[in-house]
Amino acid sequence: MKYDFSSVEKKWQDKWDESGVFHAKNDSDKPSFFGLVEFPYPSAQGLHVGHPRSYTALDIICRKKRLEGYNVLYPIGWDAFGLPTENFAIKNHVHPEIVTKNNVANFKRQLKSLGFSFDWSREINTTDPEYFKWTQWIFLQMFKKGLAYKKEMAVNWCTSCKCVLANEEVVNGVCERCGSEVVHKTKSQWMLKITAYAERLLNDLDTVDYIERVKTQQRNWIGRSTGAEVKFETTLGDDLMIYTTRPDTLFGATYMVISPEHPLIEKWADKLSNIDAVREYQVEASKKSDFERTELVKEKTGVKLEGVKAINPVNNTEIPIFISDYVLISYGTGAIMAVPAHDTRDWEFAKKFDLPIIEVVKGGEVEKEAFTDCATGIMVNSGFLDGKSVEEAKVSIVEWLTENGVGAQKVNYKLRDWVFSRQRYWGEPIPIVHCDCCGYVPVDEADLPIRLPNVESYEPTDSGESPLANIPEWYNTTCPKCGKPAKRELDTMPQWAGSSWYFLRYCDPHNTECLASKEALEYWMPVTWYNGGMEHTTLHLLYSRFWHKFLYDIGVVPTCEPYGKRTSHGMILGENGEKMSKSRGNVVNPDDIVNEYGADTMRLYEMFIGDFEKAAPWSSASIKGCKRFLERIWGLGENVIDGDGYRDFMVGEMNRTIKKVTEDIDEMKFNTAIAALMALINVIAEKGGKVTCDELKTILLLVSPFAPHLAEEMWEMFAFGGTINDQSWPKFDAAKCVDNEVEIVVQVNGKIRARMSVGIDDAQEAVIEKAKNNEKVAAEISGKTVIKELYVKGKLVNIVVK
RNA sequence: GCGGGUGUGGCGGAAUUGGCAGACGCGCUAGACUUAGGAUCUAGUGGUAAUACCGUGGGGGUUCAAGUCCCUUCACCCGCACCA
């Protein structure tokens with residue numbers, strides 16, 4: 001009988017829906033297991049084959065955990081606010097809400113067709129007012145604690161999206177989403193003070209089980225460095241504060257550089273004799289986009305400030321001050337001391353402007369190039385630091401700076417505060433009212449959610465205001481504090497807002513009193529295992545850790561970290577090895593695969609495609625191997641023989657396979673788990689193609705996380721009792737994983753000369769003796785002196801002769 | 001430039017503490033069954049001058065034994081990037 005995957009898969013998907021077998025229970029004595037995957041953005045394109053890679057992986061883990069006796073929560077929802085939906089709405093004159101509804105319906109159909117064991121009773125949607133009510137609520141708590149603030153600042157402005165971007169959303173100077181040019185624009189923006197959590201976000205990485213590259217990337221992004229702030233007096237009286245990680249090289253400072261945006265320039269303006277040239281440089285620097293500043297500028301530029309000098313506190317030397325765009329206003333103090341002998345950038349600048357280079361660490365040739373790799377060097381030309389090591393000098397100079405009140409040790413971070421405003425329609429309204437008398441006033445919590453108004457047009461304005469600026473009947477309101485007329489905040493939240501806490505809502509999705517009950521959070525949190533893409537490491541993952549820590553601080557959540565374990569899948573590339581995209585014409589539609597091969601084959605193939613953590617190209621030819629494998633299992637159904645347990649010659653095979661599949665799933669080595677199952681089926685075929693009921697039961701259980709529909713169907717067909725979801729995961733006996741008789745290799749001088757069968761527990765002497773008696777081996781060693789004899793148990797014998 | 005990673009057949013990829021390189025799958029070759037084969041089954045499949053030798057990007061080393069450890073070098077990928 002042929003296996004009709006389409007009717008079988010539909011049958012079981014309907015049954016799972018009706019029975020609610022995958023609904024997690026909040027009151028259970030079982031241990032909890034919270035498996036999480038990144039909820040999708042419901043785009044018009046539908047599901048990408050990349051989604052099922054992650055979803056199948058955790059589905060396999062969750063299905064296995066259920067069989068192992070855990071109460072499993074495996075939820076799903078929709079991260080539905082965002083630009084593509086809004087742009088589609090603009091173009092086609094449909095309300096974003098309708099667009100979202102249609103896209104969600106399509107995604108839901110696709111996900112259901114793949115047989116994931118999601119708890120659909122907990123489905124959430126970030127655009128649902130009952131959901132974003134709590135997103136707004138969290139924002140208000142941050143506002144009340146001073147972590148949300150408004151700031152006039154230069155922001156990244158995407159010229160195409162007509163919207164500001166967070167630093168994390170700018171990639172190589174262009175918009176991460178659309179690839180358009182990003183320019184700087186000065187705007188008043190809502191900011192979230194993620195920098196206040198920099199130290200904890202960094203340190204607590206030590207307490208969680210994330211794959212190492214995620215930790216490394218987050219550490220780099222936070223970018224902690226320890227150095228010193230040093231105060232330089234100037235000839236105009238104002239002090240100039242600089243930050244350096246190399247205070248030990250202070251005696252080597254031959255000039256100073258401040259960034260073009262540094263406030264002291266305005267203060268000094270009328271005392272600088274070349275102020276016109278300085279202003280010209282400032283204008284040029286401000287015109288440069290991020291892209292130009294990072295990619296195109298290799299040659300150092302700058303202008304000397306004529307009429308002011310800085311005084312080096314260690315030796316009272318007067319040194320010139322320059323402005324240059326290689327110093328950034330946003331890091332440290334926006335000013336540096338330049339030590340050309342030991343910093344590449346300073347060296348290039350000094351060469352161009354013909355400035356002195358003073359060696360202060362011995363060992364390099366500082367006239368030829370900067371000597372930066374000098375951690376083990378000895379100090380010279382440095383007064384009281386002479387003769388000390390770099391490490392000692394760092395300690396001494398910081399002590400000296402502190403004693404003399406001209407500096408102190410200082411820690412800096414690359415991490416910046418999070419630009420939280422977006423000038424778009426399809427996002428959560430920021431629940432703040434602007435009042436002429438009271439300033440920024442939070443909306444009363446009882447008035448949440450602040451809903452989006454229904455409008456005709458969602459076009460962003462060129463002036464940089466949100467589309468909400470065109471709707472006075474929405475933004476005109478009264479001040480919650482004084483009752484006078486006031487205006488609502490026009491900007492909305494970025495897409496990252498809703499996803500910064502969604503896992504909490506899954507724990508208690510229908511709660512109307514709070515974002516989730518204490519009991520539910522206590523039971524489920526932290527997320528046991530979270531799998532998602534590397535592209536979210538410095539965005540979603542960092543942002544959500546920040547929100548979670550805040551919620552922990554105000555007593556809303558019971559854990560200070562949201563995720564216990566974080567893993568990451570590789571991308572699925574197009575058949576040609578390039579990234580899958582419409583423009584490259586290499587997109588594979590999951591619907592087509594499900595229709596042609598079935599969900600089980602699709603799931604199995606995506607897990608078999610290669611190392612889960614690495615990128616892998618799609619291969620339509622290879623899929624059929626997975627289909628054949630499933631059909632061979634189906635074929636076992638016609639070859640079931642009488643007899644209990646495993647047949648003697650199958651005991652080792654069965655135990656080894658159980659061990660391999662069990663351990664490989666836990667380590668996400670799905671490809672080798674499947675290979676082991678295929679190998680088992682091959683062995684069965686070699687040995688006559690028959691199975692006993694117990695052998696079949698075990699095979700079905702092992703296969704069930706990968707191909708649940710087929711496993712359920714066969715389980716029912718043979719009336720093995722209940723459904724496969726009520727069973728227990730098969731156990732293996734370590735002692736039975738090894739066969740009594742094994743074939744080993746006999747080497748002479750490391751080259752294989754023979755094979756022979758020995759008992760696994762045979763003594764070393766006996767095995768070596770047997771090896772030497774082997775005809776082939778005896779011929780090789782006769783007339784030579786045996787120098788060494790080795791036996792690696794169950795593996796090989798090596799006889800070394802001369 | 002800094003940080004992380006990867007190089008294994010025609011292809012995707014396997015290889016516990018160093019212990020039979022190429023598991024498993026695709027593809028390919030031959031055969032069987034077929035009106036037919038992009039179906040199924042059986043056998044074979046790293047290379048070559050083939051009882052042997054050579055083979056895990058290149059070169060060197062340690063070892064009885066190296067894909068695995070050490071040194072060196074090349075190539076590619078990812079992240080960050082004038083962060084002082």
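Hydrogens, waters and symmetry mates are skipped; everything else that's a heavy atom, side chains included, is used. To find a chain, count down the sequence lines: A is the first, B the second, and so on, and within it residues start at 1.
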Once you round it to whole Å, what is the distance between P of B:rA81 and CG of A:Leu415? 12 Å

A:Arg566/A:Glu38 under salt bridge (Lys or Arg N to Asp or Glu O under 4.0 Å): CA gap, chis, key distance, verdict: CA-CA 11 Å; A:Arg566 169 78 179 189; A:Glu38 286 162 354; 2.8 Å; yes

With under 30° as parallel and over 60° as perpendicular, where do the rings of A:His569 and A:Phe612 fit, or are they tilted in between? tilted

A:Ile609 near the nucleic acid: base, sugar-phosphate alone, or nothing, with a heavy-atom cut-off under 4.0 Å? sugar-phosphate

Go through the steps to decide whether A:Glu348 and A:Lys300 satisfy the test salt bridge (Lys or Arg N to Asp or Glu O under 4.0 Å), and finish with yes or no. CA-CA 7 Å; A:Glu348 286 168 7; A:Lys300 292 280 178 290; 3.1 Å; yes

Using a cut-off of 4.0 Å on non-hydrogen atoms, how would the nucleic acid contact of A:Asn682 be classed: base, sugar-phosphate, or nothing? sugar-phosphate

Under 3.5 Å, is there any donor-acceptor pair linking the side chain of A:Asn798 to the base of B:rC64? yes

For A:Met571, is the CE atom crowded, meaning more than 12 foreign heavy atoms sit under 6.0 Å from it? no

Between B:rG19 atom P and A:Lys788 atom NZ, what is the distance in whole Å? 17 Å

Given atom NZ of A:Lys614 and atom C1' of B:rG7, what is their separation to the nearest angstrom? 10 Å

Less than 6.0 angstrom separating the ring centers of A:Phe322 and A:Phe353, yes or no? yes

Please report the distance, rounded to the nearest Å, between CD in A:Glu575 and C1' in B:rG27. 13 Å

Does B:rA84 have OP1 or OP2 under 4.0 Å away from a side-chain N or O of A:Ser225? yes

For B:rC54 and B:rG67, measure between their P atoms and round to the nearest Å. 13 Å

One thing to verify: whether A:Glu653 and A:Lys659 come together as a salt bridge, which I'm taking to mean a side-chain N less than 4.0 angstrom from a carboxylate O. no

Contact pattern, 5' to 3', of nucleotides 36-49 of chain B - B, S or - by protein heavy atom under 4.0 Å: ----S---------

B:rU56 -> Watson-Crick or G-U wobble partner, both distances under 3.5 Å, gives none

Whole-Å distance separating the CD1 atom of A:Ile799 from the P atom of B:rC64: 16 Å

Using whole Å, report how far CZ of A:Phe608 lies from C1' of B:rG25. 4 Å

Within the structure shown, what part of the strands sits under 4.0 Å from A:Lys669 by heavy-atom distance: base, sugar-phosphate, or nothing? sugar-phosphate

Checking one value: the base orientation of B:rG31, syn if chi is within 90 degrees of 0, otherwise anti. anti

Verify the neighbour count for atom CD of A:Glu741: are there more than 12 heavy atoms of other residues, nucleotides or ligands below 6.0 Å? yes

Would you kindly check whether a donor in the side chain of A:Arg213 faces an acceptor in the base of B:rC78, or vice versa, at under 3.5 angstrom? no

Any side-chain N or O of A:Asn671 less than 4.0 Å from the OP1 or OP2 oxygen of B:rC24? no

Assign each of A:Ala679 and A:Arg416 to its nearest nucleotide of RNA chain B by heavy atoms, then name whichever residue's nucleotide is nearer the 5' end. A:Ala679

Ignoring hydrogens and angles, are the base of B:rC80 and the side chain of A:Lys414 linked by a donor-acceptor pair under 3.5 Å? no

B:rC54 OP1/OP2 closer than 4.0 Å to side-chain N/O of A:Lys751: yes

